[in-house]
2 protein chains.
Amino acid sequence: MVRIDDVAKRAGVSISTVSYALSGKRPVSERTREKIHLAARELGYLPNAGARMLAGRRTHIFALTEPFRADTHAPSHMAFVLAASIAARRHGYDILLLTDEDASQGMRRVEASGLVDGIIVLDVAPNDERAELARSIATPTVFVGVPNDATGLMCVDLDFSAAAATAVDRLADAGHRKIAMLGHPAGHYEATNYAPRVRQGFRDRARERGLDAVFRPLSETQFAAEDAYRLTLEFLDDGVTGIVLNSEERSYKAVLDAVSARGMDVPRDVSLISVGAIFDTSGYHRAIDSIPLIPERSCDLALEELVDAVERQQLDPGVRLVTPEYRSYGSVGAHSSSPRGSGPTP
Amino acid sequence: MVRIDDVAKRAGVSISTVSYALSGKRPVSERTREKIHLAARELGYLPNAGARMLAGRRTHIFALTEPFRADTHAPSHMAFVLAASIAARRHGYDILLLTDEDASQGMRRVEASGLVDGIIVLDVAPNDERAELARSIATPTVFVGVPNDATGLMCVDLDFSAAAATAVDRLADAGHRKIAMLGHPAGHYEATNYAPRVRQGFRDRARERGLDAVFRPLSETQFAAEDAYRLTLEFLDDGVTGIVLNSEERSYKAVLDAVSARGMDVPRDVSLISVGAIFDTSGYHRAIDSIPLIPERSCDLALEELVDAVERQQLDPGVRLVTPEYRSYGSVGAHSSSPRGSGPTP
DNA sequence: TTGAAAGCGATACCAC
DNA sequence: GTGGTATCGCTTTCAA
């Protein structure tokens with residue numbers, strides 16, 4: 001094992017100078033700095049993790065708690081883990097996985113042993129037990145998602161409600177008067193924190209804009225596609241000309257199929273906008289405009305906050321909402337009281 | 001932060017006794033042992049991770065390298081990560097995620113900094129660059145999967161070839177003379193290490209048993225279901241009475257549909273056996289016998305090997321194959337030269 | 001701009 | 001069966 005002494009010897013300086021040259025925490029003359037970096041590179045030197053943890057007050061490790069729930073959507077979850085991991089590495093931190101034991105156990109353990117500098121909480125549930133725990137420990141913790149009671153917590157998430165509102169605005173601006181939202185199964189509105197925010201944003205903005213708006217959840221996940229198909233037909237037959245989608249991936253194709261089945265076209269007869277999707281919506285027969293949930297955005301911001309809290313030694317709680325991005329693929333068209341559509345509500 | 005001194009003081013003993021009592025590395029009298037454990041529990045004491053890493057020669061952390069490839073099947077991958085993580089915790093080890101940088105970088109980094117005691121390699125490719133790297137570093141490494149050149153490596157995996165052979169045996173024993181295997185798209189047989197082993201086991205055992213056997217890969221993932229449906233019809237029309245499945249999940253339903261479409265029944269007219277599936281095959285209209293790939297089996301064994309290598313300070317290379325388990329759900333029936341089937345090959 | 005040396009908090013050797 | 005203490009490799013204060 002290469003130690004700091006080896007580097008010091010090879011560069012002809014003291015170990016403290018090596019430490020400072022490599023960490024940059026103290027100015028070192030250009031010449032010695034180069035000698036040291038060269039020596040370190042040649043020897044393949046990296047500071048011993050344990051020693052660094054002990055002497056410094058930093059482990060350079062973040063814990064990532066992720067309850068592998070039964071209903072966890074694996075691809076999305078992986079995308080978040082990856083995004084968090086990459087963001088962490090960018091700041092020089094490694095990721096320690098906290099899975100098994102009931103999340104709280106793991107958090108307590110890394111807290112007590114000083115294994116990590118901070119904790120990242122993924123897959124946040126409305127009544128997440130980790131919220132209370134996070135308040136009770138000294139290790140800075142950031143939530144990617146927002147629990148019901150976010151008091152004293154650092155949270156980062158997409159502004160789902162603004163995303164839905166934006167979708168409504170787009171449709172309203174294009175002249176649509178009668179719109180609908182296809183949502184997740186009803187259970188999601190209890191089990192997740194984001195689904196209700198999407199629905200809320202949709203309803204509120206529709207009211208503000210004076211639109212005739214209807215919200216419909218899918219029934220059960222087992223039949224998402226069939227359900228989406230049926231509900232879409234109902235929408236169309238009701239004269240809906242703009243649909244906001246916030247449901248699982250396989251329902252999207254069904255929606256497009258239903259539109260075709262009525263001999264209609266997107267965006268000529270009906271406009272579609274996806275909200276909060278983590279998958280690509282541009283690859284369908286008809287690409288669908290999207291206000292996506294981008295794991296990188298949330299994770300990048302979350303890690304910025306966390307690193308900041310760790311290095312400034314104090315966290316400032318609060319919910320940071322990521323501004324939605326609108327991705328236009330041509331699925332929204334102008335509407336002017338078509339022969340098919342029923343008129344707007346008075 | 002609670003330190004070992006605090007515990008020692010509270011228990012009225014020296015810190016070395018505390019250390020020994022908690023680690024169990026030296027006999028301690030019943031009475032003092034209890035005093036110490038009580039004190040530790042009351043104070044919520046856990047040894048400081050950094051100090052433990054530095055003083056001991058163990059970090060109690062394993063790295064987990066997982067290249068998030070585009071073709072990675074998220075649910076399977078998550079199952080393996082979870083299984084590895086749980087197995088690690090059972091041995092007192094934490095899991096550090098190595099994702100970003102090209103896998104090798106991460107492995108080199110944790111090696112040089114002494115951050116981990118061992119490395120777990122998931123999602124092994126035939127020509128995995130991590131194989132060569134593993135040979136070049138001192139950190140014990142275990143592969144869950146088998147690269148082409150496994151020389152000097154510790155590998156653990158399901159015995160895919162034996163699994164396929166077992167499936168063939170079951171069909172042969174039940175009197176089937178003409179069987180088929182529905183495989184992954186052709187690309188899998190280059191890109192993965194297990195697919196060829198399944199095919200090999202299927203072909204070899206079929207030859208040994210003198211069966212008329214045909215292997216057919218799906219064409220492209222995009223149309224897995226359609227493909228499986230079509231191929232199954234061909235099998236049936238050809239007089240095949242036993243089908244071994246080793247293909248993606250959504251093709252299974254298609255196979256069952258195709259059987260129904262021909263007015264046939266499982267297992268009356270045709271027998272089905274799934275090989276190497278990680279998903280549940282018992283939930284279909286007709287439950288399908290399965291010789292599954294069980295992440296826990298592979299990971300448990302892999303971690304046993306790794307922990308052993310770490311603690312004995314020497315690894316013994318070799319490929320450990322997990323014995324397949326047959327799960328019977330009634331999709332295999334006896335066959336005796338049915339009117340539909342063509343006779344066996346001479 | 002650089003160096004000497006005091007910790008950081010455990011482990012484990014050596015005494016008793 | 002128990003206790004003192006050198007030691008692990010680095011960071012950082014204090015001095016020069």
Side-chain angles (χ1 to χ4, degrees), chain A residues 1-37 39-40 43-61 92 109-115 117 310-311 313, chain B residues 1-37 39-40 43-61 92 110-117 310-311 313:
Chain A
M1 165 183 249
V2 184
R3 288 162 317 166
I4 197 170
D5 317 46
D6 303 320
V7 179
K9 219 163 291 168
R10 186 174 244 266
V13 295
S14 72
I15 65 164
S16 57
T17 303
V18 172
S19 178
Y20 285 122
L22 295 179
S23 73
K25 292 189 180 174
R26 185 167 90 172
V28 169
S29 84
E30 179 68 15
R31 236 179 72 67
T32 49
R33 212 187 54 77
E34 278 180 3
K35 273 193 306 190
I36 290 170
H37 277 270
L43 296 174
Y45 169 77
L46 280 186
N48 175 277
R52 203 160 67 135
M53 287 166 77
L54 187 55
R57 58 212 309 178
R58 210 117 304 158
T59 71
H60 297 273
I61 299 178
R109 189 167 54 77
V110 294
E111 152 90 350
S113 62
L115 222 193
D117 294 332
V310 168
E311 304 194 334
Q313 304 239 68
Chain B
M1 165 182 250
V2 185
R3 288 163 316 165
I4 196 170
D5 317 45
D6 303 320
V7 179
K9 218 163 293 166
R10 185 175 245 264
V13 296
S14 72
I15 65 163
S16 56
T17 301
V18 172
S19 178
Y20 285 122
L22 295 180
S23 72
K25 292 190 182 175
R26 188 167 88 170
V28 170
S29 84
E30 180 68 15
R31 237 181 71 67
T32 49
R33 213 187 55 76
E34 277 180 3
K35 272 194 308 191
I36 291 170
H37 277 271
L43 296 174
Y45 168 77
L46 279 186
N48 176 276
R52 204 158 69 132
M53 288 165 78
L54 187 55
R57 59 211 306 176
R58 210 116 304 158
T59 70
H60 296 274
I61 300 178
V110 293
E111 151 92 349
S113 63
L115 221 194
V116 306
D117 294 333
V310 167
E311 304 193 334
Q313 303 240 68

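Proteins get letters first, then strands, A, B, ... in listed order; numbering begins at 1 in each. All figures in this text were calculated on a predicted structure; none of them were measured in a lab.
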Novice: Starting at atom CD1 of B:I36, determine the distance to atom P of D:dG1, rounded to an integer number of angstrom.
Specialist: 13 Å

Novice: With sequence neighbours left out, what residues match A:H60 under ring-ring contact (aromatic ring centres under 6.0 Å, His included)?
Specialist: A:Y93

Novice: Taking atom OG1 of B:T17 and atom CD1 of B:I4, what is their separation to the nearest 0.5 Å?
Specialist: 9.5 Å

Novice: Bend angle of the helix from C:dT1-D:dA16 to C:dC16-D:dG1 from five-pair axes at both ends, rounded to 10°?
Specialist: 30°

Novice: I need the minimum non-hydrogen distance between B:V18 and B:A8, along with the two atoms involved.
Specialist: CG2-CA, 3.5 Å

Novice: Measure across B:G114 and B:M53 and return the closest heavy-atom pair with its distance rounded to 0.1 Å.
Specialist: O-CE, 4.2 Å

Novice: For B:M53 and D:dT11, what is the distance between atoms CE and P respectively, to the nearest whole Å?
Specialist: 13 Å

Novice: Distance-only check: which donor-acceptor pairs under 3.5 Å involve side-chain atoms of residues 19-28 of chain B, not counting sequence neighbours?
Specialist:
from, atom 1, to, atom 2, distance (Å)
B:S23, OG, B:S19, O, 3.1
B:S23, OG, B:K25, N, 3.2

Novice: Sequence neighbours left out, what passes side chain to side chain donor-acceptor pair (under 3.5 Å) with B:S16? Give chain and number order.
Specialist: B:S14

Novice: For residues 1-15 of chain B, which residue pairs qualify under salt bridge (Lys or Arg N to Asp or Glu O under 4.0 Å), counting only residues two or more places apart or in two chains?
Specialist: B:R10-B:E42

Novice: Find out whether B:T59 and B:L115 are in side-chain contact, i.e. whether some heavy atom of one side chain is under 4.5 Å from a heavy atom of the other.
Specialist: no

Novice: Does a side-chain N or O from A:T32 land closer than 4.0 Å to OP1 or OP2 of C:dT1, or not?
Specialist: no

Novice: For each nucleotide in nucleotides 8-13 of chain C, reading 5' to 3', give B when a protein heavy atom comes within less than 4.0 Å of its base, S when such contact involves only the sugar-phosphate, and - otherwise.
Specialist: BBBBBB

Novice: Can you tell me how far C1' of D:dT7 sits from CZ of B:R58, to the nearest Å?
Specialist: 17 Å

